[in-house]
Amino acid sequence: MSDWFIWFIILWTIFLITIMFIGGYFMFRKFLKRLPKDDGKSILDWQDYYIEQALPLWGDHQKKLLNELVEPVPELFRDVAKGKIAGKISQLALEEDASSISEPHIIKGYILATPKRDHKFLIKKLNQKQIDLTPYKHLFDSTS
């Protein structure tokens, strides 16, 4: 065999192993989120529970605002991000025993559900929507 073909096989093998490790990493993260905690429910079970319980509280305007806020998220991950953010918003509304989900619930849940590394995109999007961040400054410091 020629040298270029051997190098092609070696590089192709490295590429495939790398892709399998990356896919395995994301599958393992999803698996860990599905593992039940001490209370018998997983993170994703609680997220689904909160969304289901608060579904009557969501109006068309609130759903539209949530969709607009998750636009910066790449399309591949948008549904997952929207689910996580909607779960946090629903949890906040249920804990406050709100009669409907309001804009402050959405913004607060959006901030709390977003990883700290993505806060610059979050702030940029909220500024584009002309939303005052002053009441929410303390949430940017408390998130992990």
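Count residues from 1 along the sequence. Reckoned from all heavy atoms, side chains included, excluding hydrogens, waters and symmetry mates.
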>> Could you tell me if the side chain of W46 sits less than 4.5 Å from the side chain of D39, heavy atoms only?
In response: yes
>> Tell me whether the count of non-hydrogen atoms from other residues, nucleotides or ligands lying under 6.0 Å of CD in E75 goes above 12.
In response: no
> Would a 4.5 Å heavy-atom cut-off, applied to side chains only, mark I9 and F5 as touching?
Replying inline: yes
> Heavy-atom count around E52 CD within 6.0 Å, excluding the residue itself: above 12?
Replying inline: no
> At what distance, to the nearest 0.5 angstrom, does CG of L35 lie from CG of L44?
Replying inline: 10.0 Å
>> For a 4.5 angstrom cut-off between non-hydrogen side-chain atoms, does L133 reach N127?
In response: yes
>> Let me confirm one number: the CD-NZ distance from E103 to K129, rounded to the nearest 0.5 Å.
In response: 8.5 Å
>> Please report the interatomic distance CD1(I85) to CD1(I106), rounded to the nearest 0.5 Å.
In response: 11.0 Å
>> For the NZ atom of K88 and the CD1 atom of I51, what is their distance to the nearest 0.5 Å?
In response: 12.0 Å
>> Give me each pair satisfying side-chain hydrogen bond (donor to acceptor under 3.5 Å, both in side chains) with a member in residues 4-32, each pair once, sequence neighbours excluded.
In response: S2-W4
>> Quick check: is Y110 connected to L94 through a chain of hydrophobic side chains (ILVMFWY, heavy atoms under 4.5 Å apart)?
In response: yes
> Can you name the closest pair of heavy atoms from G40 and P36 and give their distance?
Replying inline: O-CB, 3.7 Å
> Hey, quick one: are L112 and I43 part of the same hydrophobic cluster, counting side-chain heavy atoms closer than 4.5 Å, chains of contacts allowed?
Replying inline: no
> Would the number of heavy atoms belonging to other residues, nucleotides or ligands and lying under 6.0 Å from NZ of K41 be above 12?
Replying inline: yes
> Which pair of non-hydrogen atoms, one from A93 and one from L57, has the smallest distance, and what is that distance?
Replying inline: CB-CD1, 4.3 Å
>> How about NZ on K37, more than 12 heavy atoms from neighbouring residues, nucleotides or ligands closer than 6.0 Å, or not?
In response: yes
> Which heavy atom of P72 sits nearest a heavy atom of K125, and at what distance?
Replying inline: CG-CD, 4.0 Å
> Side-chain heavy atoms under 4.5 angstrom apart, residues restricted to Ile, Leu, Val, Met, Phe, Trp, Tyr: same cluster for I17 and I14?
Replying inline: no
> Can you name the ring-ring contact (aromatic ring centres under 6.0 Å, His included) partners of F31, sequence neighbours left out?
Replying inline: none
> Do the side chain of Y136 and the main chain of I111 share a donor and acceptor less than 3.5 angstrom apart?
Replying inline: no
> At their closest point, which heavy atom of R34 faces which heavy atom of D48, and how far apart are they?
Replying inline: NH2-OD2, 4.0 Å
>> For the NZ atom of K82 and the CG atom of N67, what is their distance to the nearest 0.5 Å?
In response: 4.0 Å
>> Quick check: do V73 and V80 have side-chain heavy atoms less than 4.5 Å from each other?
In response: no
>> Working to the nearest 0.5 angstrom, can you tell me the gap between I107 CD1 and L122 CG?
In response: 9.5 Å
>> With no hydrogens and no angle check, just 3.5 Å: does a side-chain donor-acceptor pair link H105 and E96?
In response: yes
> Does the side chain of W58 reach to within under 4.5 Å of the side chain of I89, using non-hydrogen atoms?
Replying inline: yes
